[in-house]
Amino acid sequence: MSPNTVTSYVHDIRAFLEWYGEQGGAGALSVTRDDVIAYLGCRERFAKTSQARALSALRSFYNWLLSEEEIQVNPCDLIDAPKLGRHLPDVLSVQEVTDIIESVDLGSWKGLRDRAILEVLYGCGLRVSEAVSLQLSDIFFGDSFIRVIGKGDKQRIVPMGESAFEALKNYLACRPEPADRRTAETVFLNRSGRPLSRISVFNMVKYQAMAAGVNKEISPHSFRHSFATHLIENGADLRAVQEMLGHESILTTEIYTHIDSATWQKSVLEHHPLVHSGDSADKAALKQ
């Protein structure tokens, strides 16, 4: 699993064991199925994705205890995870993406760095973790592509457009001196010459969105969502988009076809004559 997943699982397991101790529990080995159900019931106010992740973390933990012969039964067995459904992420328009990228002040090395980050997030569809871990040896200017190390250490090759190409070259010309040999290859550095954190990129994206007057709840991942949606809207092959995003399953990529469908459905309903004229029965029938 990725380091972020491991960190999240450890956090979820600790949170459960702390809760269990507060309930008078005798320790991890005495947990029952009813205890896990009671804990998940206390977390109903949390998002379903958080509940599902907590259950997955606990199931993995108790499978390990089972393999170590510390317990005889996994208390998470026969507990169904919450139904997540399919979440349609918020998508920026091409104009909104352009406004955010162009809102960056290029008068300093930091501005050139931030511009380059935004360009690779959108132009190459990178996850924020992939962007901050990008290495100099992953950039192939001669062939205009970058090598991305994604989830599970899987590699993929992503073409680099002219905007991302120029933004990276401009930043690298004034990139800070690395703090030590371990960071010598890291592309995006902070002022101390150390790798930029994911949180720093989150904060930068929110700041630039405000500066551009984009009033949406966005994150670095919004650029990846927008990248995929805009490709599909313009006729890109779904398999090609899957490869670009590094999705293991094409079903994950298909969510972007649903976003595109929602866009044209809204357009039809806004412009179809039956929605703006005729009786209410006609309108209701069309909307159904």
Side-chain angles (χ1 to χ4, degrees), residues 1-23 25 27-29 31 35-36 39-68 70-71 74-76 79 81-82 84 87 89-90 117 120-121 124-135 138 147-156 178-180 182-183 185-190 192-207 217-225 245-249 252:
M1 294 178 178
S2 73
N4 289 334
T5 301
V6 173
T7 300
S8 298
Y9 272 28
V10 170
H11 175 272
D12 288 335
I13 294 166
R14 283 178 173 160
F16 168 75
L17 293 177
E18 287 174 7
W19 172 88
Y20 183 60
E22 291 169 358
Q23 310 307 306
L29 302 183
V31 170
D35 294 325
V36 177
Y39 176 68
L40 295 175
C42 293
R43 294 176 62 89
E44 285 185 347
R45 69 183 186 278
F46 290 90
K48 289 184 178 181
T49 50
S50 297
Q51 295 176 41
R53 190 191 70 190
L55 179 59
S56 180
L58 290 171
R59 182 174 283 119
S60 296
F61 176 59
Y62 280 102
N63 275 338
W64 173 72
L65 288 175
L66 199 61
S67 70
E68 293 291 310
E70 296 286 345
I71 58 174
N74 187 330
C76 299
I79 300 177
L84 300 180
H87 171 63
D90 288 334
I117 292 172
V120 298
L121 288 175
C124 302
L126 268 58
R127 300 177 178 93
V128 63
S129 56
E130 294 168 346
V132 297
S133 62
L134 195 65
Q135 303 292 296
D138 294 326
R147 177 175 55 208
V148 183
I149 311 299
K151 289 184 176 180
D153 285 334
K154 292 181 179 177
Q155 296 188 22
R156 67 184 190 275
D180 50 46
R182 290 178 300 175
T183 59
E185 280 285 300
T186 304
V187 173
F188 296 115
L189 303 175
N190 61 23
S192 301
R194 302 193 179 279
L196 200 63
S197 69
R198 296 168 69 251
I199 297 300
S200 295
V201 179
F202 269 83
N203 291 335
M204 180 272 289
V205 165
K206 289 184 179 294
Y207 175 82
E217 189 64 33
I218 70 168
S219 70
H221 222 61
S222 301
F223 290 89
R224 177 174 161 89
H225 293 322
L245 294 174
H247 286 161
E248 187 169 342
S249 169
T252 307

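Numbers here are sequence positions counted from 1.
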Has Ser133 got a side-chain atom pairing as donor or acceptor with Ser129's backbone, closer than 3.5 angstrom?
yes

Go through the steps for Leu196 and Leu189 under the test side-chain contact (heavy atoms from CB on, under 4.5 Å), then give the verdict.
CA-CA 5 Å; Leu196 200 63; Leu189 303 175; over 6 Å; no

Does any non-hydrogen side-chain atom of Ile117 lie less than 4.5 Å from one of Met204?
yes

Excluding sequence neighbours, so at least two apart, what forms side-chain contact (heavy atoms from CB on, under 4.5 Å) with Leu40?
Val36, Leu55, Ile79

Taking the inter-plane angle between the rings of Phe16 and Tyr20 on a 0 to 90° scale, is it parallel (under 30°), tilted (30 to 60°) or perpendicular (over 60°)?
parallel

Thr183 to Gly193 - nearest heavy-atom pair and separation
OG1-O, 3.4 Å

In a check of side-chain contact (heavy atoms from CB on, under 4.5 Å) between Cys76 and each of Asn63, Val31, Leu58, which one passes?
Leu58

Tyr9 meets the ring-ring contact (aromatic ring centres under 6.0 Å, His included) criterion, sequence neighbours left out, with none

Tell me, do Val205 and Phe223 make a side-chain contact under 4.5 Å, heavy atoms counted?
yes

Taking side-chain hydrogen bond (donor to acceptor under 3.5 Å, both in side chains) as the definition, give me every residue that meets it alongside Ser219, ordered by chain and number, with sequence neighbours left out.
none

Is any side-chain heavy atom of Arg224 closer than 4.5 Å to a side-chain heavy atom of Leu126?
no

Sequence neighbours excluded, which residues qualify as side-chain hydrogen bond (donor to acceptor under 3.5 Å, both in side chains) partners of Arg53?
Asp12

Smallest heavy-atom separation, Leu121 atom then Ala131 atom, equals CD2-CB, 4.1 Å

Set of residues satisfying side-chain hydrogen bond (donor to acceptor under 3.5 Å, both in side chains) with respect to Asp35, sequence neighbours excluded:
Thr32

More than 12 non-hydrogen atoms from neighbouring residues, nucleotides or ligands closer than 6.0 Å to CZ on Arg14, yes or no?
no

Please report the shortest heavy-atom distance between Ser192 and Ala179, naming the atom on each side.
O-CB, 3.5 Å

Mind checking side-chain contact (heavy atoms from CB on, under 4.5 Å) for Glu185 and listing every partner two or more places apart, or none if nothing turns up?
Gln135, Leu136, Ser137

Residue pairs passing the salt bridge (charged side-chain N to carboxylate O under 4.0 Å, His left out) test where at least one lies in residues 192-207, sequence neighbours excluded:
Asp180-Arg194, Lys206-Glu217

Test of understanding: with side-chain hydrogen bond (donor to acceptor under 3.5 Å, both in side chains), list the residues that count as partners of Ser197, not counting sequence neighbours.
Ser200

Quick one: list whatever passes side-chain contact (heavy atoms from CB on, under 4.5 Å) with Ile71, sequence neighbours left out.
Leu29, Tyr62, Leu65, Leu66, Pro75

Quick one: list whatever passes side-chain contact (heavy atoms from CB on, under 4.5 Å) with Trp64, sequence neighbours left out.
Phe61, Ser67, Glu68

